[in-house]
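Treat the numbers as computed from the prediction; the structure is a model and nothing was measured.
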Amino acid sequence: MSTLPFTKMQAQGNDFIVLNGLTSELPALTEAFVRRITERRYGIGCDQLLVLEKSDKADAAMRIFNNDGSQAANCGNGLRCVGHLLIQQLGKECVSIALADRNVNAEATINGICVDMGAATVTDSSSAHVDIHIGNEHRVFFETTEAFPSDRNVEIVTGQIASHVYIDIIERGAGHTLACGTGACATAAAIWSNEGEVRPLTIEMPGGTVTISGCPKNIKLEGPVSQTFEGVFSL
Ligand SMILES: N[C@@H](CCC[C@H](N)C(=O)O)C(=O)O
């Protein structure tokens, strides 16, 4: 039986398996394989599988798979976790990570890891919600008077006190999660759009807190991450 090395990481309880294709040979990333390794009882278990590959335009390319087997275009918490791993492995202060539609930079700060997420764009809105594109798609609800869509990530604003914003999350492809990095960015971008003012916000999620700063053209996502364990998966 062959084995596959993996690293388990988390950011505010949003948990990831990282497979490093820069240092090990990977199996075919079929939907069946993704569902098996991400399953919490028969596999290792996680919200998202992150796969690192070689890139000619960044320190590494990152592919993202939800635990239902679907692929995703962005993952803010995953970028912070992989940023932390690459900073340690490469001994650099700042690392670059390539996604399908953008390159992001990650650096270590006093508060954990900060990632320059690139642009977050408002694509639609109603009195109840604002839609945001940040590589992947989000609908941020300020009132729950409309049905939740299943084709995008959903953030529900449950309270706001000054610059502290409380949200719940239902992720496309992973269901309820304790935190979502792109969801935190989308929430800030939706609030900036509604208020007509750009200011740093603290986003409080069920699993922990992140800070959002920068501006809609380049949102910064910052907060702690940790490596929880390393192991080998039996193929
Ligand atoms: N947890 C992530 C988002 C992961 C992908 C998302 N479920 C999608 O399908 O777009 C984050 O931290 O951003």
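A side-chain donor-acceptor contact under 3.5 Å links S70 and D68. Under 3.5 Å, the side chains of E155 and H138 contain a donor-acceptor pair of N or O atoms.
The 12-atom threshold is not exceeded at CD of E93, counting heavy atoms of other residues, nucleotides or ligands nearer than 6.0 Å.
Side-chain contact between M205 and L178 is absent, with no heavy-atom pair separated by less than 4.5 Å. Proximity of N14 to E171: side-chain heavy atoms (C-beta onward) are separated by under 4.5 Å at one or more points. The shortest side-chain heavy-atom distance between Q12 and P224 falls under the 4.5 Å cut-off.
With hydrogens and angles ignored, the 3.5 Å screen pairs no side-chain donor or acceptor of N74 with any backbone N or O of N136. A donor-acceptor pair is defined here as one N or O able to donate and one able to accept, closer than 3.5 Å; no such pair exists between the side chain of N66 and the backbone of A174.
In this structure, R40 pairs ionically with D47, as a charged nitrogen and a carboxylate oxygen lie closer than 4.0 Å. One finds a salt bridge joining E31 and R35 here, because a Lys/Arg side-chain nitrogen approaches an Asp/Glu carboxylate oxygen to under 4.0 Å.
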Next item on the list: List the steps and the verdict of side-chain contact (heavy atoms from CB on, under 4.5 Å) for K8 and D15.
Entry: CA-CA 7 Å; K8 188 83 198 294; D15 66 338; 3.0 Å; yes
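For the side-chain contact (heavy atoms from CB on, under 4.5 Å) criterion with D59, the lone passing option out of Q89, K54, K92 is K92.
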